[in-house]
Amino acid sequence: MSTPDSSSTLSKPSTASDPGGEPAAPPTGPAGGAISAAEAVISTARLTKRFGTTAALDEVDLRVRGGELVVLLGLSGSGKSTLLRCLNGLQPISGGEVSVLGQRVDTASRGELRALRTQVGFVFQQFNLVGRLSCLENVLTGALGRVRGPRYGVLSYSRALRREALAHLDRVGLADRAFQRADTLSGGQQQRVAIARTLMQRPKVLLADEPVASLDPENAGVVMDLMFQICVEEGLTVLCTLHQIDLALGWAKRIVGLREGVKVLDREASGLTRAEVMEIYQRVEPGRPEGAGEGLPT
Amino acid sequence: MTAGSDPSSSPGSSSPDSSPASRSAASTGLLTPPEPEPAASAGPAIRPPVTRNGVQLTLTALFGVVAVVLSVWRLDLEPAELTDAFGDLGRLLKRMWPPVFDDPGRIAELALETLLIALIGTVFAAVLSAPLALLAARNTAPNRAVQAVARGIITFCRAVPDLVFAVLFVRAMGIGVLPGIMALAVHSVGMLGKLFADAIEESSPDPREAVRSTGAGPLRELVSGVLPQVVPSWIATFIYRIDINLRTSVVLGYVGAGGIGFALKDSLSGLVYDKALGLVTAILVIIIAMELLSVVLRRVLLSPPRGDRTGRTAPRDPVKVSAPWTNERITRAVSSTLLAATFVYGFVLLKVDLRELLTSIGDIFQVGTRLIPPNFTLAGWKLFGAVVETVAIGVVATAVGFVLSIPFGLLSARTVSPNRVVYAVARTLIVVIRAIPELILAVVFVVAFGLGPLAGACALAIASIGFLGKLVADAAEEIDLGPVEAVRAVGGGWWAQLFSAVLPQLVPALIGNTLYMLDVNIRHSTILGIVGAGGVGFLLFESIRTVNYEFAGGIILIVFVIVFAVERLSGWIRSKVI
Ligand SMILES: Nc1ncnc2c1ncn2[C@@H]1O[C@H](COP(=O)(O)OP(=O)(O)OP(=O)(O)O)[C@@H](O)[C@H]1O
Ligand SMILES: [Mg+2]
């Protein structure tokens with residue numbers, strides 16, 4: 001099931017250290033239908049990220065259209081989080097190029113990166129809330145990208161911002177908990193607060209890194225449905241990593257599979273079967289780390 | 001753990017059992033079911049393995065014992081002299097009794113002044129420490145060079161005793177409360193900066209990342225992602241520091257830096273002992289009152305929410321989006337308003353001039369530059385002797401504190417103390433000891449025993465018993481009771497429980513805190529000289545009084561090096577013990 005481009009990029013090692021020639025047009029066309037560079041809101045070309053000697057991402061080409069909802073699947077350690085973090089510059093990349101909303105991320109100055117981040121929401125697996133602050137204050141931090149100067153305490157934000165934050169909390173069903181400490185909420189509620197914080201950012205793009213991995217199945221369903229619902233209503237471009245194939249197949253427009261940092265699947269979700277998706281999770285060779293010479297097991 | 005002791009190789013062993021043959025026979029007994037006869041009488045069959053760590057620790061312990069013996073010898077402490085000394089102390093106390101409060105209004109005024117000096121000094125220290133800690137914490141420092149400089153400043157502030165700063169600042173700014181406030185502020189940066197930075201390093205990176213991914217810059221990231229996490233720990237440290245600074249501010253008057261200490265010095269040098277006891281009593285009252293207040297404050301400000309999930313958590317007013325007035329919010333608002341009001345009132349009452357405050361910063365820098373280049377030669381070998389005496393006082397006091405704090409602490413632990421009366425008596429004693437600042441003890445002991453290191457060593461030893469005793473007691477009350485029950489279950493009595501279940505659990509904390517105590521005691525013993533209780537302090541204060549700043553700079557540098565070395569050593573030992 002290996003796509004032709006991924007096997008061909010594997011065969012030529014480490015050419016990506018220097019982007020060289022033509023940065024705008026990647027030599028190998030993206031899989032999953034042609035998405036032109038102009039259409040793409042998120043686009044990576046030969047994106048490579050190394051930690052020491054291990055390549056967490058190996059020449060990944062990915063394009064996501066505006067308003068598209070893409071789910072990223074893959075085993076633990078396959079590089080999903082790394083990919084998302086490279087997209088908003090939380091992680092500097094080792095090679096290739098990344099652009100989001102027309103802004104080159106890898107070459108962006110600090111100011112440009114900050115300006116970009118204000119438009120890119122990020123939902124974390126561990127929620128990343130400040131536990132001892134109230135839900136409202138946590139949501140208000142979502143506005144930090146567009147206010148001037150440091151803020152401390154709910155009252156340091158303008159009344160308009162407070163009202164907006166409350167409205168977002170209302171949208172995730174937690175307006176009555178506005179002044180409750182975040183760490184006294186359940187996990188599902190905390191992730192809803194985190195989603196409200198992201199909405200406070202008024203993003204155009206949403207990156208979600210296993211938003212429901214630490215929730216029980218029932219809460220996971222509720223939170224995912226809520227998040228995707230809002231994204232569809234707002235017309236956000238979404239790239240979300242998940243471990244739940246059913247949720248992915250239910251909501252995604254397109255599914256992308258990563259295995260050991262290599263893109264191994266990139267297809268429209270409609271018509272995709274569970275069995276085809278499960279192939280992403282097959283290890284190359286359980287015993288050996290690389291399995292270079294052998295082909296993929298079928 | 002004692003890999004060094006080996007009964008079979010002791011010189012006096014004449015028994016033939018310790019031959020290699022019997023030893024190997026005994027060791028095979030480990031694999032086969034042990035035969036009782038050789039295992040019981042012959043060499044040590046089952047011994048802990050000799051590890052590198054064990055050897056190093058044993059050598060360190062031996063070194064410690066040698067250091068204590070040498071220190072006792074250096075200070076000429078003899079049992080006869082000690083019993084004499086306690087006789088002297090009894091006579092002095094008799095002359096002091098009953099305490100006299102001849103001008104209660106004046107005493108109250110001085111007490112208030114002392115309290116405000118401590119408070120304002122600590123607030124200044126916190127204001128200075130917060131940015132310094134951000135620069136000194138590994139995860140918030142802009143780069144390693146800045147971090148190293150910030151850490152260096154913090155360590156320096158900690159290593160130079162508050163009274164040394166006070167003397168220097170009094171020289172620079174003249175007699176008054178301002179040098180006292182600034183001395184407390186600068187020295188406290190040493191502790192507040194370090195603990196603030198530690199709290200930052202322990203904070204979670206996750207919320208910061210969330211703030212960063214909204215596009216906020218570094219300052220907003222710190223204020224919204226880091227600060228909310230560390231504030232409770234910072235408040236706890238701040239309140240704790242007010243307690244400590246109050247103990248110093250009662251003696252600031254000794255060097256002309258304001259507060260009740262001046263009156264105490266006056267009445268002692270005028271031999272008006274009953275009045276002095278009145279002042280000491282007043283001092284104890286403010287310190288204990290402050291300690292109670294800080295317990296209350298800590299409880300109010302830092303207790304986690306009471307899990308009141310059904311409480312009022314919706315906005316009070318959906319248009320203004322304002323928080324509901326919960327009890328927690330009310331107490332928080334009231335206590336911070338009170339603190340702010342007291343702070344401002346202190347400024348007015350102590351007549352602290354803001355302009356003077358600003359120029360004082362220039363004065364401080366000027367004094368600092370006059371300490372350079374340090375000079376070590378002015379007093380010749382007297383300096384070396386004084387430094388050794390300083391360290392010896394610290395070592396002896398810590399050793400006495402270590403040994404005596406164990407029985408004291410255990411008796412005042414609810415879980416260990418044999419009965420309630422013993423518990424109550426021991427606890428009360430510890431509370432009283434802890435309330436008396438060591439310099440006040442030193443003052444009283446100097447009057448009783450005469451000038452010299454004996455007074456200083458006794459004062460620091462008693463203070464150490466109080467400090468370590470409380471730690472032992474608290475640790476003993478928090479130990480895991482499982483092992484105690486296990487020993488009881490096999491029929492062990494009180495002593496067996498103590499040695500097999502309680503003490504092993506206390507040892508790491510006790511060692512860690514004793515090493516910390518050594519660090520504190522050496523720093524304190526450098527200022528005992530100001531009241532004539534021995535150590536290098538006398539030379540230090542004399543050199544400042546006679547405007548030999550460069551010599552003072554030399555002494556300060558030596559103290560800094562010693563404190564730094566002790567800190568490194570104790571860090572190393574702690575890493576081995578845990
Ligand atoms: N900061 C880091 N330092 C070193 N190696 C890292 C770092 N972050 C990720 N890696 C490595 O990169 C690889 C990809 O990690 P990543 O976190 O992206 O996987 P993932 O697909 O998100 O896994 P999971 O499903 O468990 O979240 C792993 O081998 C991981 O060990
Ligand atoms: Mg991950």
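Residue numbering restarts at 1 for every chain, and letters A, B, ... go by the order of the sequence lines. All heavy atoms count here, side chains included; hydrogens, waters and symmetry mates do not.
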Is it the case that atom CZ in Phe51(A) sees more than 12 heavy atoms from other parts of the structure closer than 6.0 Å? yes
Please look at Arg132(A) and chain B and tell me whether the side chain, the backbone, both or neither of the residue comes under 4.5 angstrom of a heavy atom of that chain. side chain
Could you please spell out the steps behind the side-chain contact (heavy atoms from CB on, under 4.5 Å) verdict for Val321(B) and Leu136(A)? CA-CA 9 Å; Val321(B) 196; Leu136(A) 190 75; 3.5 Å; yes
Of all heavy-atom pairs between Pro315(B) and Ala178(A), which one has the smallest distance, and what is that distance? CD-CB, 3.8 Å
Crowded around Glu233(A) CD? As in, over 12 foreign heavy atoms under 6.0 Å? yes
OG of Ser224(B) to OH of Tyr157(A): how many Å apart, nearest 0.5 Å? 4.0 Å
If every non-hydrogen atom of Phe124(A) is compared with every non-hydrogen atom of Ser213(B), which pair is closest and at what distance? CZ-OG, 3.7 Å
On a heavy-atom basis, which atom in Leu144(A) and which in Arg220(B) lie closest, and how many Å separate them? O-NH1, 2.6 Å
Arg138(B) atom CZ: more than 12 heavy-atom contacts under 6.0 Å: no
Residue pair Gln126(A) / Asp206(B): nearest heavy atoms and the distance that separates them: CB-OD2, 4.3 Å
Take Arg212(B) and Leu90(A), measure what side-chain contact (heavy atoms from CB on, under 4.5 Å) needs, and give me the verdict at the end. CA-CA 8 Å; Arg212(B) 196 180 323 148; Leu90(A) 282 181; 4.0 Å; yes
Give, for atom OG1 of Thr214(B) and atom CZ of Arg114(A), the distance between the pair rounded to the nearest 0.5 Å. 10.5 Å
Contact origin within Arg110(A) toward chain B - heavy atom pairs under 4.5 Å: neither
Contact class of Leu133(A) relative to chain B, heavy atoms under 4.5 angstrom: side chain
For the interface with chain B, which of Val123(A), Leu129(A), Leu166(A) has the highest count of heavy-atom pairs at distances below 4.5 Å? Leu166(A)
Name the option with the most non-hydrogen atom pairs under 4.5 Å to chain B; the candidates are Val147(A), Val120(A), Leu174(A), Val154(A). Val147(A)
Mind checking whether Gln229(B) and Val130(A) have side chains closer than 4.5 Å, heavy atoms only? yes
Ser322(B) OG to Leu155(A) CG distance, which is reported to the nearest 0.5 Å: 8.0 Å
How long is the gap from OG1 on Thr141(A) to CZ on Arg208(B), to the nearest 0.5 Å? 14.5 Å
Which pair of heavy atoms, one from Tyr152(A) and one from Val223(B), lies closest together, and at what distance? CD1-O, 3.8 Å
